[in-house]
Amino acid sequence: MENSLKTTWIQSEEKLGQYRIALLNWFDEQRRDLPWRQDPSLYKTVVSEFMLQQTRVSTVIPYFTNWLNKFPDFYSLSQADEKDVLKAWEGLGYYSRARNLHQLSKTAANWKHPPVSVKEWQTLPGVGPYIAAAVTSISLDQPEAVCDGNVVRVLSRLFAISEIFKDGATAQKKLRPLAQKLINSGRPGDYNQAVMELGATVCHRSSPLCSTCPILSYCESGRQGDWADRPQIARKAKKTASIRRYWVESQNSLLVHASKKNRLQGIHELPDKLPYSGNLTDLNSQVLAIRKRTIGRVEYTEEIHQPPQIPLLLDPLPQGYTWMKWSELKNFTLSGPHRKWIEELRD
DNA sequence: AAAACGGGGCA
DNA sequence: TGCCCAGTTTT
């Protein structure tokens, strides 16, 4: 990979050192005052990295603050009920992250000393190459380079990489060795955060602020002004799907369902099947509303049906179904969109 | 290797 | 509306 680069400064140990200093000096001046950077700890780093997967900093901040109040350390998290853990994650999405973090805390609560190698970290639930490198570099001072979406963007421009990557994950995997060559082993955590911070605040996807960039003189794309073409990541076709949901109200309650099997387990939504022994078409239900939401590249159209009369449901209700009293709406853990729709459709 | 997994912010 | 965000797990 490096052989095809037009820039050669990376091969000079002296230039490399100057590049690292320029970036770290900038970071020392410009770093954002984020909650997980105040009185930092391993726990805060782990929680923030779990929350930050595919999720913007501005979205994470209020969740992180609330989380630290509820679960201040690994031990308190390990002792919490999964229900409360999921409730604190409600609306953030990717709920398996919360379950994995909860599981991880049960191991971490017993650590005399945390593991130091990325290999050991990657055996923990929900920890992949990115989190392993982030945690061990930031909190344990290990020289492990992270390669996330920000790093891919910065490096693609720095070295004018014009390869078309199949997807973001492929780009991250391919560019990680390059990121590893650049890391400052004296301050690995700060170096990693500096590149990501640069990607987030200066090297924007569109309209990057090259004139204020601390490493502009090292950047092939910045000097040529052709940043717009990089990185080149092929985009996948989007798909559509439709789901029928049911709105059944009875005795000041709404029928909701939380799957035990799929990755939405523990998260309630309007049921997509009625616990009903009869033929559903007999219900001749009315369409109460139609809503859309996107999950990944799939746009779901959810048709919310309301039977004209309360159907005779199975008794007892099958696993996963619950009557949610309206008075308990706030206490239930619902997916973000379903909470919104339920509140909209309630009257 | 490709798909699934949430939700939201911003051009 | 389309892109993509401090990615990981499952198929």
Side-chain angles (χ1 to χ4, degrees), chain A residues 31-32 34-37 44-64 86 89-101 103-104 121-135 137-139 144-154 165-173 176 179 189 191-201 203-208 228 231-241 259 261-265 267 269 291-300 333-341:
Chain A
R31 59 165 23 187
R32 290 170 291 178
L34 304 174
W36 43 93
R37 289 177 179 167
K44 289 181 187 174
T45 303
V46 170
V47 172
S48 63
E49 295 301 346
F50 265 77
M51 289 187 170
L52 285 162
Q53 286 177 57
Q54 301 296 97
T55 310
R56 285 186 164 68
V57 166
S58 57
T59 303
V60 165
I61 288 174
Y63 281 91
F64 179 87
L86 288 172
W89 205 273
E90 184 186 65
L92 244 198
Y94 285 135
Y95 298 96
S96 62
R97 293 182 295 175
R99 286 190 296 274
N100 286 149
L101 177 56
Q103 279 309 116
L104 188 158
W121 274 91
Q122 285 202 66
T123 66
L124 296 167
V127 177
Y130 169 79
I131 290 186
V135 169
S137 66
I138 294 171
S139 291
E144 298 285 350
V146 297
C147 194
D148 72 334
N150 283 313
V151 177
V152 165
R153 190 167 58 257
V154 171
F165 298 106
K166 261 203 325 293
D167 52 40
T170 302
Q172 293 175 20
K173 201 176 302 180
R176 183 159 188 285
Y191 174 83
N192 277 334
Q193 293 184 81
V195 185
M196 295 190 283
E197 190 97 339
L198 188 73
T201 64
C203 199
H204 300 305
R205 187 161 55 89
S206 53
S207 310
Q232 299 240 23
I233 296 174
R235 51 191 187 291
K236 299 277 209 268
K238 66 174 190 182
K239 301 193 294 192
T240 60
S259 170
K261 310 189 57 181
N262 66 27
R263 280 180 270 193
L264 224 52
Q265 62 182 275
I267 312 298
E269 297 199 317
R291 294 288 187 275
K292 288 180 187 294
R293 70 163 152 173
T294 302
I295 300 177
R297 289 179 208 82
V298 185
E299 183 187 67
Y300 290 90
T333 303
L334 301 163
S335 71
H338 279 238
R339 173 171 294 285
K340 197 171 102 194
W341 302 343

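Bear in mind that the values here come from a model prediction, so they are computed numbers and not experimental data.
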Taking only N/O atoms, report every protein-nucleotides 3-5 of chain C pair under 3.5 Å with atom names and distance.
from: C:dC3; atom 1: OP1; to: A:R235; atom 2: NE; distance (Å): 2.7
from: C:dC3; atom 1: O3'; to: A:R205; atom 2: NH1; distance (Å): 3.1
from: C:dC5; atom 1: OP1; to: A:R153; atom 2: NH1; distance (Å): 3.4
from: C:dC5; atom 1: O2; to: A:Q54; atom 2: O; distance (Å): 3.4
from: C:dC5; atom 1: O2; to: A:R56; atom 2: NH1; distance (Å): 3.1

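Closest approach to the A:K166 side chain among C:dA6, B:dA3, B:dA2 is made by B:dA2 (side chain taken as heavy atoms from C-beta onward). The side chain of A:I295 lies closest to B:dG6, out of B:dG6, C:dG7, B:dA4.
No engagement by A:R176 is indicated, since no non-hydrogen atom pair under 4.0 Å with the nucleic acid exists. When heavy atoms are screened at a 4.0 angstrom cut-off, A:W36 is found touching base atoms of the nucleic acid. When heavy atoms are screened at a 4.0 angstrom cut-off, A:F50 is found touching no nucleic acid atom at all. Note on A:L34: a base of the nucleic acid sits closer than 4.0 angstrom, heavy atoms only. If you check every strand for non-hydrogen atoms under 4.0 Å, A:V127 touches sugar and phosphate atoms only. Using a 4.0 Å heavy-atom criterion, one finds that A:R37 contacts the bases of the nucleic acid, with or without backbone contacts as well. Residue A:G91 is in sugar-phosphate contact alone, with no base atom involved, counting any heavy-atom pair closer than 4.0 Å across all strands shown. Using a 4.0 Å heavy-atom cutoff across all strands shown, A:S335 reaches sugar-phosphate atoms only and no base atom. Counting any heavy atom pair closer than 4.0 Å across all strands shown, A:K340 reaches no nucleic acid atom.
Residues passing the side-chain hydrogen bond (donor to acceptor under 3.5 Å, both in side chains) test with A:T170 are A:D167, sequence neighbours excluded. In this view, A:T59 satisfies the side-chain hydrogen bond (donor to acceptor under 3.5 Å, both in side chains) rule with no residue, not counting sequence neighbours. Annotation: ring-ring contact (aromatic ring centres under 6.0 Å, His included) contacts of A:Y130 (sequence neighbours excluded): none. Partners of A:P231 under the side chain to side chain contact (heavy atoms under 4.5 Å, CB included) rule, at least two apart in sequence or in another chain, are A:V152, A:R153, A:S156, A:I233. Remark: A:E269 engages A:R245, A:R293, A:S335 in a side-chain hydrogen bond (donor to acceptor under 3.5 Å, both in side chains) (not counting sequence neighbours).
With contacts defined as side-chain heavy-atom distances shorter than 4.5 Å, the pair A:L92/A:F50 does not qualify.
Rounded to an integer number of Å, the gap from A:R339 CZ to B:dG7 P is 12 Å. Taking atom CD on A:Q103 and atom C1' on C:dT8, their separation rounds to 16 Å, with Å as the unit. Taking atom CZ on A:R31 and atom P on C:dA6, their separation rounds to 17 Å, with Å as the unit. At whole-Å resolution of the value, CD in A:Q265 and C1' in B:dG6 are 15 Å apart. Going from atom CZ of A:R99 over to atom C1' of B:dC5 covers 10 Å, rounded to whole Å. Here the P atom of nucleotide B:dC5 and the CG atom of A:N100 are 15 Å apart, to the nearest Å. Atom CG of A:D148 is separated from atom P of C:dA6 by 7 Å (rounded to the nearest Å). One atom, CZ of A:R297, and another, C1' of B:dC5, lie 11 Å apart when rounded to the nearest Å.
Here the shortest heavy-atom pairing between A:F64 and A:P35 reads CD2-CB, 3.7 Å. Smallest separation of non-hydrogen atoms from A:T333 and A:E90: CA-OE2, 3.3 Å.
Separating the P atom of B:dC5 from that of C:dA6 is a span of 23 Å, rounded to the nearest Å. Atom P of B:dG8 sits at a distance of 22 Å from the matching atom of C:dT8, rounded to the whole Å.
The nearest heavy atom of DNA chain B to A:G336 and to A:V298 marks one nucleotide each, and the one closer to the 5' end goes with A:V298. Comparing A:T59 and A:M51 against DNA chain B, the residue whose closest nucleotide sits nearer the 5' end is A:M51. Projected onto DNA chain C by closest heavy-atom contact, A:R32 and A:L124 fall at different nucleotides, the more 5' of which corresponds to A:R32.
The side chain of A:R293 places an N or O atom within less than 4.0 Å of a non-bridging phosphate oxygen (OP1 or OP2) of B:dG7. Contact between the side-chain N/O atoms of A:Y63 and the OP1/OP2 oxygens of B:dG7 is not found at any separation under 4.0 Å. When the side-chain nitrogen and oxygen atoms of A:K238 are compared with OP1 and OP2 of C:dG2, one or more of them lie within a distance under 4.0 Å.
Counting heavy atoms of neighbouring residues, nucleotides and ligands inside a 6.0 Å radius, atom CZ of A:R32 exceeds 12 of them.
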